[in-house]
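Values in this document were obtained by computation on a predicted structure and should not be read as measured data. Note that the numbering runs from 1 along the sequence shown for the chain.
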Amino acid sequence: MKTDIKSLTYEQLNNEISKLSLPKFRTKQIFVWLHQQGVKSFDKMTNISKELRQKLSESFYISSCTVEDKYVSKIDGTVKYLFRLCDDEFIESVVMKYKYGYTICVSSQVGCKMGCTFCASTLAGFQRDLTAGEIESQIHTAQQDLGIRISHVVMMGIGEPLDNFDEVMRFLENVNHIDGLNIGMRNITISTCGIVPKIYELMNKNLQLTLTISLHAPNDELRSKTMPVNNRYPIDELLTACRDYYKATGRRVSFEYTLIHGVNDRKSDALELCEKLKDMQSHVNLIPVNTVLERNNTQGTKEDIIKFSNILKNNGINATIRRTLGADINASCGQLRHKKGVK
């Protein structure tokens, strides 16, 4: 079987080039074409001989994705893509414009195993992990389609990034490389539902990225009802890992908290959350739950959401209410899917 050359790190690519008895300068040439230019075919590598391109194609393939559908928000210009992968699986990615530039929300798996009850990504089940090259291809394809440069990446799309740890680490190395997209680690965010052993593995990498924890509840009873992962890694164990992460890396941990009316948005929930986070260097992103057709979750009023936020702030917890982008195209948090035909 051929190897996905785009999923190789620079060092791994250099090893493969050596095996082909090629000079080392070829490594940089090929790496630039793959990761800076985002080519999808060896034929596009115009400063490499036809013979070498043929030789590469015999041992390798270039992972990629193509635009199957594209939705543009009439409200804020957010763009949602349905990408088709080489094996005809589908994933969704979202490009958002901010004052500082463009951010892309990428997927790390086709489907999701985690089963969170407020999220559409898990509804059609889990199919497979994405390769490092497939994760990066979402950036290249979006950039080429929109004619822009993407400067920030959030791994908050379909799938659990830390459940696909090795491929995600290769993706981070490649996307950060100076001869690639050269996106700074401080401009990258990884969101996890709380796979504790992988948080420690990530901690040991000491990367200067932002770690975000999908918390969504202040206690085990409530969190286990909405997030099955909590049965394996309870809140106190998860928060201990977050404290250790901060001590080791010096990087503040962020928490995502989806507000579901009548479920986790009561005054008592806010006060309990304050108690859990009172001694931590953290930030809480409050997310009014977004509509998912198959779920019955609803948002509270604007006043309810502000009251919850104010309780946190008044108790010394840094909190903001996340601005909803792409609401009219189902591109907001919890709404991404991996099936064609669902807007």
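- Contact annotation: the side chain of Cys65 never approaches that of Ile91 to less than 4.5 Å [non-hydrogen atoms, C-beta and beyond].
- Put simply, CG on Leu238 and CZ on Arg243 are 9.5 Å apart, with the number rounded to the nearest 0.5 Å.
- Between the OG atom in Ser73 and the CE atom in Met96 there is a gap of 12.0 Å [rounded to 0.5 Å].
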From CA spacing to verdict: salt bridge (Lys or Arg N to Asp or Glu O under 4.0 Å), Glu201, Lys198: CA-CA 5 Å; Glu201 281 193 50; Lys198 295 300 180 181; 3.0 Å; yes
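- Distance alone, capped at 3.5 Å, places no donor-acceptor pair between the Ser63 side chain and the Lys6 backbone.
- Side-chain atoms of Lys276 do not come within 3.5 Å of backbone N or O of Asn219 as any donor-acceptor pair.
- Atom CD of Glu58 sits in a crowded spot, with more than 12 heavy atoms from other residues, nucleotides or ligands closer than 6.0 Å.
- Between Glu256 and Ser191, the side chains place a donor N or O and an acceptor N or O closer than 3.5 Å (distance only, hydrogens not considered).
- Proximity of a side-chain donor or acceptor of Asn176 to a complementary backbone N or O of Glu173 within less than 3.5 Å is not detected.
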Pairs under 3.5 angstrom only: tabulate donor-acceptor contacts from the side chains of residues 158-169 to other protein residues two or more places apart or in another chain.
unit_1	atom_1	unit_2	atom_2	d
Glu160	OE1	Thr192	OG1	3.4
Glu160	OE1	Cys193	N	2.8
Glu160	OE2	Leu162	N	2.9
Glu160	OE2	Thr192	OG1	2.9
Asp163	OD2	Gln109	NE2	2.9
Asp163	OD2	Lys113	NZ	3.2
Asn164	ND2	Ser108	O	3.0
Asn164	ND2	Leu130	O	2.9
Glu167	OE1	Ala132	N	2.7
Glu167	OE2	Arg170	NH2	2.5

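- Note: the hydrophobic cluster containing Leu286 does not contain Ile311 (ILVMFWY, side chain heavy atoms under 4.5 Å, direct or indirect links).
- When all heavy atoms of Gly194 and Val229 are compared, the closest pair comes out as O-CG2, 4.2 Å.
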Test side-chain hydrogen bond (donor to acceptor under 3.5 Å, both in side chains) applied to Ser282 and Asn318, step by step: CA-CA 7 Å; Ser282 63; Asn318 192 334; over 6 Å; no
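- Screening residues 186-217 for ring-ring contact (aromatic ring centres under 6.0 Å, His included) gives Phe118-His216 as the qualifying pairs, with residues at least two apart or on separate chains.
- Between Thr3 and Glu16, the closest side-chain pair of non-hydrogen atoms is not below 4.5 Å.
- At a threshold of 4.5 Å between non-hydrogen side-chain atoms, the residues Tyr246 and Met280 do not count as touching.
- Side-chain atoms of Asn264 do not come within 3.5 Å of backbone N or O of Pro218 as any donor-acceptor pair.
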Derivation and outcome, side chain to side chain contact (heavy atoms under 4.5 Å, CB included), residues Val289 and His261: CA-CA 8 Å; Val289 69; His261 184 54; over 6 Å; no
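- For Phe255, the ring pair (Phe, Tyr, Trp, His ring centres under 6.0 Å) criterion is met by no residue, not counting sequence neighbours.
- Asn15 and Ser18 are not linked by any side-chain donor-acceptor pair at a separation below 3.5 angstrom, with hydrogens and angles left out of the test.
- Thr212 approaches Met156 most closely through the heavy-atom pair OG1-CE, 4.2 Å.
- Considering only residues two or more places apart in sequence or on other chains, Lys40 meets the salt bridge (Lys or Arg N to Asp or Glu O under 4.0 Å) condition with none of them.
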Steps toward side chain to side chain contact (heavy atoms under 4.5 Å, CB included) verdict (Ile235, Met227): CA-CA 11 Å; Ile235 283 183; Met227 301 183 69; over 6 Å; no
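- Between Ser93 and Ser107, the closest heavy-atom pair is OG-N, 4.4 Å.
- Results of the salt bridge (charged side-chain N to carboxylate O under 4.0 Å, His left out) test with Arg84 over Glu68, Glu92, Glu89 single out Glu68 as the only residue that passes.
- The shortest distance between side-chain heavy atoms of Thr117 and Lys225 does not fall below 4.5 Å.
- Taking CG of Asn187 as the reference point, atom CE of Met185 lies at 11.0 Å (rounded to 0.5 Å).
- With a 4.5 Å cut-off on side-chain heavy atoms, Leu273 and Ile317 do not count as touching.
- In this structure, Arg223 contributes its side chain and Leu215 its backbone to a donor-acceptor pair below 3.5 Å.
- The distance from atom CD1 of Ile305 to atom CG of Asn310, rounded to the nearest 0.5 Å, is 12.0 Å.
- Contact of the Tyr61 side chain with the Asp4 side chain is registered, since non-hydrogen atoms from C-beta on lie closer than 4.5 Å.
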Steps toward side chain to side chain contact (heavy atoms under 4.5 Å, CB included) verdict (Thr66, Thr141): CA-CA 7 Å; Thr66 56; Thr141 304; 5.9 Å; no
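- Within the 4.5 Å cutoff, the side chain of Asn315 has heavy atoms near those of the Leu271 side chain.
- A pairwise comparison of heavy atoms in Tyr245 and Leu207 identifies OH-O, 4.2 Å as the closest pair.
- Residue pairs that meet the salt bridge (Lys or Arg N to Asp or Glu O under 4.0 Å) test with at least one member in residues 122-145, sequence neighbours left out, are Lys70-Asp145, Asp87-Arg128, Arg128-Glu134.
- Residues Ser151 and Ile183 come closest through the heavy atom pair O-CG2, 3.4 Å.
- In terms of modelled atom types and a separation under 3.5 Å, the side chain of Arg252 and the main chain of Gln281 share no donor-acceptor contact.
- Remark: Asp43 does not engage Lys50 in a salt bridge, criterion side-chain N to carboxylate O under 4.0 Å.
- Atom-to-atom distance recorded for Glu11:CD and Thr27:OG1 is 11.0 Å, nearest 0.5 angstrom.
- Phe308 CZ to Arg266 CZ: the interatomic distance, rounded to the nearest 0.5 Å, is 9.5 Å.
- Closest of all the heavy-atom pairs between Asp269 and Asp265 is OD2-N, 3.4 Å.
- Asp220 places no side-chain N or O within 3.5 Å of a backbone atom of Asn230 that could act as its donor or acceptor partner.
- Under the ring pair (Phe, Tyr, Trp, His ring centres under 6.0 Å) rule, His152 has a single partner from Tyr100, Tyr102, Tyr98, which is Tyr100.
- Under a 4.5 Å side-chain heavy-atom cut-off, the cluster of Ile, Leu, Val, Met, Phe, Trp and Tyr residues that includes Leu52 is completed by Ile5, Leu8, Tyr10, Leu13, Ile17, Leu20, Leu22, Ile30, Phe31, Trp33, Leu34, Val39, Phe42, Met45, Ile48, Leu56, Phe60, Ile62.
- Heavy atoms of other residues, nucleotides or ligands lying less than 6.0 angstrom from NZ of Lys2 number more than 12.
- Using a 4.5 Å cut-off on side-chain heavy atoms (C-beta onward), Arg251 and Gln208 make contact.
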Ile104/Tyr81 under side chain to side chain contact (heavy atoms under 4.5 Å, CB included): CA gap, chis, key distance, verdict: CA-CA 11 Å; Ile104 188 168; Tyr81 289 103; over 6 Å; no
